Amino acid sequence: MSDARGFNTLAIHAGQEPDPLTGAVIPPIYQTSTFVQDGINVLRGGHEYSRGSNPTRDGFQTQLAALEGGHAGFAFASGLAGEDALLRAVLEPGDHIVLGGDGYGGTNRLVNQLLGRWGVSNTAVDITDPDAVRAAVRPGSTRVLWLETPSNPLLGIADIAAWAQIAREADALLVVDNTFASPYLQRPLALGADVVVHSTTKYIGGHSDVLGGAVIVSDREFRGQSLAGAVGFQQFAGGAVAGPQDSYLAARGLKTLGLRMERHSSNAQEIAEWAREQDGVAQVLYPGLPEHPGHELAKRQMSGFGGIVSLRFGDEASARTFAESTRLFALSVSLGGVESLACYCSEMTHASVRGTELAVPTDLVRLSVGVEDVADLKEDIAQALAAVRSARGAVPAA
Ligand SMILES: *Cc1c(COP(=O)(O)O)cnc(C)c1O
């Protein structure tokens, strides 16, 4: 499918052509582990065994590559499985990673606790400070710069093009975790990144009913091989692939990503603007607010500000009360589904970095704003704020 087509057209059609055999508009789910051979090693459609390739996964991978403007896409059993496969595909023991701080807690755990044991070291940096990023590079041993923007859960915005420049000078790869923005709002490869990763569990799947991960690569060569070859081999040899059912669900979700992100963004913008006027909210973190330090940059490098809003309450007790008082916003880890979720990150998602310089403020609650009617979401926040005020002993608002 021509890349000149629009995002939503590609989302619906790339890799999702009708079944040539039956005419089924939706390609079937190829729920099979193996494929019959017409002679020894004579493969009918190029498929041999579903760890190596499966038509349902292939279609999803084509869709992912088209939407990120990448050369190839690879689907994994989870976001972390994809990150692990990517890092082991491109790194060797003794290498070093510059790791953007304020990122997904599980990425930090993977890099420190699994890759650390494998002999890969890392330095955490403030993602908004390119000088700090440059200073953290160790010439000759830094092979990966890892960036998450908007960051989690502080919603900092980093300049992807500036990071890409630093990576190029260091002969390292820039990997961008694009889970929060999704390809609808931000396309890092076009800004100079080499690899994009996703937890497709989040906005791409979009319905909180499937785990998955994706790695989308440019056509760059690295260490004498193509990125696509290296990641493809790791996926096959390591085996953490997305199964056919999971690939189908994520591909189905991806078709409506554009519609959903528009609504997530408009709901989140309205809630952010409203919440900063509410009694009991100390600070609203959302890149769509003009006072956000990354607002201008986000306007340049994103086409919308996304569905995640973090609220700070000034003290831990209030944040805990708020998180336990919302009703529509379900108290839960994860994000990016059609339903709204609230998370007390310092203990629920970022417990692995507590006590380190990457610890999340204890007065913060992260909201994953869903696509419900925004008036109902505001009403839910208002009643949770009333619970915070009465727990503080103040007179509740009428
Ligand atoms: C959830 C998440 C991951 C990890 O993905 P899983 O599918 O849970 O393994 C990685 N990065 C970000 C930004 C995430 O939100």
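Only heavy atoms go into these numbers, but all of them, side chains included; no hydrogens, no water, no symmetry mates. Predicted, not measured: the structure shown is a model, and the values here were computed from it.
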Could you tell me whether the side chain of [X] and the main chain of [Y] form a donor-acceptor pair under 3.5 Å?
X      : Y      : result
Ser310 : Pro153 : yes
Tyr286 : Gly306 : yes
Ser303 : Tyr184 : yes
Thr321 : Val388 : no
Gln269 : Gly288 : yes
Thr256 : Gly253 : yes
His47  : Gly52  : no
Arg51  : Phe236 : yes
Thr62  : Gly15  : no

Please assess Ile29 against Gln245 for the test side-chain contact (heavy atoms from CB on, under 4.5 Å), listing each intermediate value before the final yes or no.
-> CA-CA 7 Å; Ile29 304 168; Gln245 291 283 347; 4.1 Å; yes
State, to 0.1 Å, how close [X] and [Y] come at their nearest heavy-atom pair, and which atoms those are.
X      : Y      : value
Gln16  : Phe60  : NE2-N, 3.8 Å
Ala167 : Leu173 : CB-C, 4.2 Å
Gln186 : Thr149 : NE2-O, 2.9 Å
Ser247 : Thr56  : CB-O, 4.0 Å

Any chance the side chains of Thr107 and Glu148 put a donor and an acceptor closer than 3.5 Å?
->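 Distance-only check fails for Thr107 and Glu148.
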Greater than 12 external heavy atoms within 6.0 Å of Arg276's CZ =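 Counting other residues, nucleotides and ligands, CZ of Arg276 exceeds 12 neighbours.
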What do you reckon, is CD of Glu169 surrounded by more than 12 foreign heavy atoms closer than 6.0 Å?
->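 Count over threshold, so yes.
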Determine the sole option in Arg220, Arg138, Arg223 for which the salt bridge (Lys or Arg N to Asp or Glu O under 4.0 Å) test with Asp171 is passed.
->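 The passing option is Arg220.
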Distance in Å, Ser325 OG paired with Ile381 CD1, rounded so as to fall on 0.5 Å steps |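 Nearest 0.5 Å value for the OG-CD1 distance: 12.5 Å.
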Scan residues 315-329 for pairs that pass salt bridge (charged side-chain N to carboxylate O under 4.0 Å, His left out), counting only residues two or more places apart or in two chains.
->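 Counting only pairs at least two positions apart or across chains, the salt bridge (charged side-chain N to carboxylate O under 4.0 Å, His left out) contacts touching residues 315-329 are Asp315-Arg392, Glu316-Arg320, Arg320-Glu347.
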Would you say the ring centroid of Tyr203 lies under 6.0 angstrom from that of His264?
->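 Yes.
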Return a table of donor-acceptor pairs under 3.5 angstrom between the side chains of residues 66-77 and protein atoms on other chains or two or more places apart.
unit_1 : atom_1 : unit_2 : atom_2 : d
Glu68  : OE2    : Asn178 : ND2    : 2.9
Glu68  : OE2    : His198 : NE2    : 2.6

Salt-bridge test for Asp373 and Lys378: reply yes if a basic N is under 4.0 Å from a carboxylate O, no otherwise.
->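 Answer for the salt bridge query: no.
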